[in-house]
Amino acid sequence: MRVQHNVSLKKYNTFGIDVKATNFVEATSIFSLKHILDLPLSDYFLIGGGSNMLLTKDITDKLVIHVNITGIEIIKKDDNFIWITAQAGENWHNFVIWCIQRGFGGLENMSLIPGNVGTAPIQNIGAYGKELKDNFVSCTALEIATQKTKTFTKNECQFGYRNSIFKNDLKGQYIITSVTFKLTRNNHDISIAYGAIEAELAKKKITSPNIKQVSNAVITIRKSKLPDPNELGNSGSFFKNPIVSKNTFDKFITKFPEAPSYVVSDTKIKIPAGWLIDQAGFKGKRFGDAGVHKNQALVLVNYGNATGQEIWDLAMLIQNTVYEKFGIMISPEVNVY
Ligand code: EPU
């Protein structure tokens, strides 16, 4: 454990933004994490996979901690289910593939989501009709103020759409160190009705897919729509899909009857932000090295040397334009610093 100075964070954030951390340290175990919390620097900035953040300036006033604790362990099994604990620093997609290779089902729809296991619960990652919470049992986390370990059950995490207690009441108070999942060993709950999965499988003439085939279909779809952060800096969906009241929706849909939408409850409707941004004319647009992806308007991209501020300016231009055109406010999904 060694504090380094003036470290470029370019390779630690999938947007590839080149800001510097005045103080940077890597935590490879809970033991080293506790040591780090003992240092005389008391304000922290945590980085896991760096896949859900936009860095707009150097981090001078906080100790940047790269949480890199790894390991995957089977902790329990019965005839039908298996309980697996993965440490926070495991790459999410590698973990999903590890499970699929061993025939453990549940995470296949979330293949290829960038980021690490430890940050996945913070925003309850999800894709193609499945969310992390569907297979989540608990997570352990270190309380920064006391250095005590606490286990959070699913209920305690208060998961919602791209949301959890770690983004709200407990923001900045805990460091998630591991997550435990309950997966199926047989009778997998194959879920292919959402999005383009069914069509992708039909192309391959697969009618009753196994978990590997679902995963492969998801990987194909994601690769066709979403840029690979190793090739083009991005942070997945930059905005959340707005959830509006029935009243707002009724006014909106009268003006834009062709808009796609999903019913969330009797009083709430979700409208795809990607559609709003696309219709506002931003899809594929480029402003210097900051841009909107050509296949998915919800994804902002860094063509190479965009600054975080340039990406943020573009995000705000999009937000304002969408609001002026549709009367609907979209808000960022990524954490902005
Ligand atoms: N759409 C457009 N133009 C676009 C993009 C989308 O018209 O440029 C329309 C589509 O035609 C479709 C609708 O918007 O009718 C929804 O699009 P899509 O199915 O691609 O899903 P999304 O709502 O844009 C969400 C998640 C993604 C996840 C996909 C698939 C959010 C914020 N995003 O996107 O998650 O992969 O569903 O389940 O909920 C992420 O969080 O980083 C992410 C990529």
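Counting starts at 1 for both ligands and their atoms, in listed order.
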Distance filter under 4.0 Å to [X] heavy atoms, resulting ligand 1 atoms:
X    : value
K283 : 3 (N), 4 (C), 8 (O)
Y262 : 13 (C), 16 (C)
G236 : 42 (O)
A127 : 36 (O), 38 (O)
F239 : 32 (C)
Y161 : 31 (C), 32 (C), 39 (O)
R222 : 36 (O), 44 (C)
Q296 : 4 (C), 5 (C), 6 (C), 8 (O), 20 (O), 24 (O)

Compute the ring centroids of [X] and [Y], then answer whether they are less than 6.0 Å apart.
X    : Y    : value
F95  : F181 : yes
F24  : H5   : no
F326 : W275 : yes

Which residue and non-hydrogen atom of the protein lie closest to [atom], and at what distance in Å?
atom                    : answer
atom 44 (C) of ligand 1 : S237 OG, 3.2 Å
atom 23 (O) of ligand 1 : N241 ND2, 2.9 Å
atom 1 (N) of ligand 1  : W275 N, 3.7 Å
atom 34 (O) of ligand 1 : L298 CD2, 4.0 Å
atom 15 (O) of ligand 1 : P260 CG, 3.5 Å
atom 14 (O) of ligand 1 : P272 CB, 3.3 Å
atom 3 (N) of ligand 1  : D278 OD2, 2.8 Å

Closer than 4.0 Å and a protein heavy atom, does any atom meet both conditions relative to [atom]?
atom                    : value
atom 11 (O) of ligand 1 : no
atom 37 (O) of ligand 1 : no
atom 30 (C) of ligand 1 : yes
atom 17 (O) of ligand 1 : no

- Exercise: do T22 and T60 side chains pair donor with acceptor under 3.5 Å: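 No.
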
- Does any donor atom in the side chain of N163 or N124 lie under 3.5 Å from an acceptor atom in the other side chain?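 Distance-only check fails for N163 and N124.
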
- Query: For the residue pair S51 and G115, what are the closest heavy atoms and their distance?
  - Reply: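 Looking at all heavy atoms of both residues, the closest pair is OG-CA, 3.2 Å.
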
- Tell me whether Y194 is reachable from V214 by hopping between hydrophobic residues (I, L, V, M, F, W, Y) whose side-chain heavy atoms are closer than 4.5 Å.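 Yes, same cluster.
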
- Heavy-atom proximity to atom 8 (O) of ligand 1, best of A259, S235, A297: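 Answer by nearest heavy atom: A297.
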
- Task: Might you confirm whether atom NZ of K204 has over 12 heavy atoms from other residues, nucleotides or ligands at distances under 6.0 Å?
- Result: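 Check passes, neighbour count above 12.
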
- Task: State whether D278 and K283 are salt-bridged, where the test is any N-O pair (Lys NZ or Arg NE/NH1/NH2 against Asp/Glu carboxylate O) under 4.0 Å.
- Result: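 Salt bridge flag = yes for K283 with D278.
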
- Before accepting this row, confirm whether a basic side-chain N of the pair D43/K62 lies closer than 4.0 Å to the acidic partner's carboxylate O.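 Yes, charged N to carboxylate O under 4.0 Å.
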
- Message: Could you check whether any side-chain N or O of K182 sits under 3.5 Å from a backbone N or O of D134, counting only pairs where one atom can act as donor and the other as acceptor?
- Response: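 Side chain of K182 to backbone of D134: no pair is present.
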
- Query: Is the closest heavy atom of K225 to ligand 1 under 4.0 Å?
  - Reply: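 Contact present.
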
- Message: Taking only non-hydrogen atoms of R162, do any sit less than 4.0 angstrom from ligand 1?
- Response: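 Within the 4.0 Å threshold, so yes.
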
- Message: Run T151 and S138 through side chain to side chain donor-acceptor pair (under 3.5 Å) and show every step you take.
- Response: CA-CA 7 Å; T151 301; S138 62; 5.9 Å; no

- Message: Among V334, T56, L54, exactly one meets side-chain contact (heavy atoms from CB on, under 4.5 Å) together with I311. Which residue is that?
- Response: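 Among V334, T56, L54, the one meeting side-chain contact (heavy atoms from CB on, under 4.5 Å) with I311 is L54.
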
